[in-house]
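See below for the structure under consideration.
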Amino acid sequence: MNCPHTAAAPADRSAGTVVIDPMVQDLDGETARLRDAGVLARIDLLGVPAWTVTRHAEARQLLLDPRLVKDIDAWGLWQSGVVTRAWPLIGMIDAGRSMFTVDGAEHRRLRTKTSQALTPRRLEAIRPEIEKFTQELLDALDAAQGDDGVVDLKAVFAQPLPMRVVGMLMGVDESQHAILTRQYKAFFSMLTPQDERLALLAELDVFYTDLVREKTARPTDDLTSALILAEEGGEPLTEEEVVGNLKAMVAAGHETTIGLVLNAVRALLSHPDQLRKVLAGEVGWDAVIEETLRWDTPTTHLLMRFATEDITVGDEVIRKGEGLVVSYRAIGRDIEQHGADADAFDITRPTRNRHMTFGHGPHICPGAALSRVEAGIALPALFTRFPGLRLAVPDEEITKLPVMTQNDMAAFPVLLG
Ligand code: STR
């Protein structure tokens, strides 16, 4: 199978396999099928088989299990050459050496500086700047209304805000933001031919390597410079490691927060009774943010971890060398964890804070606090400025982008009111 994503389904494929749809035509249906397929479900990712964990409790356990590692060299299908760089999802796994791809003591060495820079206390210092970006983008929204009053909240507000924030943190010049946004869009889209995706990943590598060299020569007060100067565990990070961390942070910081902000706006606009409670101050914005994270996770599936030994989960065994995905959307809808109404959006739900959308264990999202600060500024500012905000099309007409791992809307047309 040189080209697994176009290969026909192997005859021995288990009937219980859920084929993940690259076009994301029915996300809720697929999430329900995953849940029904079991605690541990077999999935097909463009012809490549893997396991996924669909329940909160078991995911929590597996995310603490040192027998699961991120190192692609532990993957049997990679060792045997069945999966190659021709597979469209390879960039989600084979992303260079960084805190995203390394485990154990080395992982701590790669990650410490970043997590220290992103604590709630440290983030207070950049709150004024995030507020300023937000106000500027609200002005841009106002100015971008077409003759019909319609404006795309994604393109004009939700997408540029996290890019500016992560750009400021990492020292990425504003002139690059639109280019990066375009490149990441193409990276994540399953409509991008794989040779183009590999070419743009190579371009991104050159861009980030140049940035790291520039900051090595002339350090500033951004996190990229701090990573270059860091001596975690006595051993400074190599250029490759700094580049890897920088790539991971820009990609993650920019992509996931877009989803959080847009999904929250969408949930509120389609649940006007709940929006009223928030605007009346009866329920806090933090509740909106946590319930959105649970109910409509920015990350649908997190690729991938590999078993270094056989691991038993209930009746199933993840064999040594097999891959495990974590399906955060299904986990957020876990009935055991959130009750029989887990599929309902409810900002007053008692378990709204007990989601696992930022992961768990050593790799838990280092940007979690940052995304909460961003959404906590953006959402109230948006509804304060435009209290009559509403969708410009019926909710069913909002379409998802063809992105397998992220929960990404194509556009979010609104009327500002
Ligand atoms: C994108 C490509 C790249 O150059 C580096 C990374 C590493 C971090 C990854 C990122 C990826 C894709 C989106 C991820 C992010 C970490 C968090 C984010 C998976 C592979 C999430 O969706 C949670």
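We count ligands from 1, going down the list as the structure has it; atoms in each ligand are counted the same way. Numbers here are sequence positions counted from 1.
- Close approach of ligand 1 to K247 is summarised as follows: ligand atoms under 4.0 Å from at least one heavy atom of the residue are 4 (O).
- In terms of protein heavy-atom proximity, atom 12 (C) of ligand 1 is nearest to M92 CE, 3.5 Å.
- Using modelled atom types, one finds a donor on one side chain and an acceptor on the other under 3.5 Å when comparing D103 with H363.
- Taking every non-hydrogen atom of L302 and a distance limit under 4.0 Å, the qualifying atoms of ligand 1 come out as 19 (C), 23 (C).
- Given atom 16 (C) of ligand 1, the protein heavy atom at minimum distance is F100 CE1, 3.5 Å.
- S327 and H301 are linked by a side-chain donor-acceptor pair at a separation below 3.5 angstrom, with hydrogens and angles left out of the test.
- Put simply, the side chain of D152 gets close to the backbone of F412: a donor and an acceptor are under 3.5 Å apart.
- For ligand 1, the atoms lying closer than 4.0 Å to a non-hydrogen atom of F187 are 1 (C), 2 (C).
- Atoms of ligand 1 lying under 4.0 Å from any heavy atom of A252, numbered from 1 in the order shown and given with element: 15 (C), 16 (C), 17 (C), 18 (C).
- When distances from atom 2 (C) of ligand 1 to the protein are checked, a heavy atom turns up under 4.0 Å.
- Applying side-chain contact (heavy atoms from CB on, under 4.5 Å) to L68 and the options M304, E309, R305 leaves one that passes, R305.
- Inspection of the D28 and T31 side chains reveals no N or O donor paired with an N or O acceptor under 3.5 Å.
- Every heavy atom of Y184 sits 4.0 Å or more from the atoms of ligand 1.
- Nearest protein neighbour of atom 20 (C) of ligand 1, counting heavy atoms only, is G91 O, 3.5 Å.
- Proximity annotation for atom 11 (C) of ligand 1: of A251, G96, S98, A251 comes nearest, heavy atoms only.
- Using bins of under 30°, 30° to 60° and over 60° for the plane-to-plane angle, the ring pair H254/Y184 lands in the tilted bin.
- Listed for the R197 side chain is a donor-acceptor partner under 3.5 Å among the backbone atoms of S189.
- At least one donor-acceptor pair closer than 3.5 Å links the side chain of R352 to the backbone N or O of I347.
- Residue contacts with ligand 1 for T256 involve side-chain atoms from C-beta outward but no N, CA, C or O (heavy atoms, distance under 4.0 Å).
- Nearest-heavy-atom check against atom 21 (C) of ligand 1 across T357, L204, N245, T299 picks out T299.
- Atom 5 (C) of ligand 1 has as its closest protein heavy atom A95 CB, 3.9 Å.
- Distance alone, capped at 3.5 Å, is enough to place a donor-acceptor pair between the R333 side chain and the W295 backbone.
- Under 4.0 angstrom from ligand 1, there are no non-hydrogen atoms of E255.
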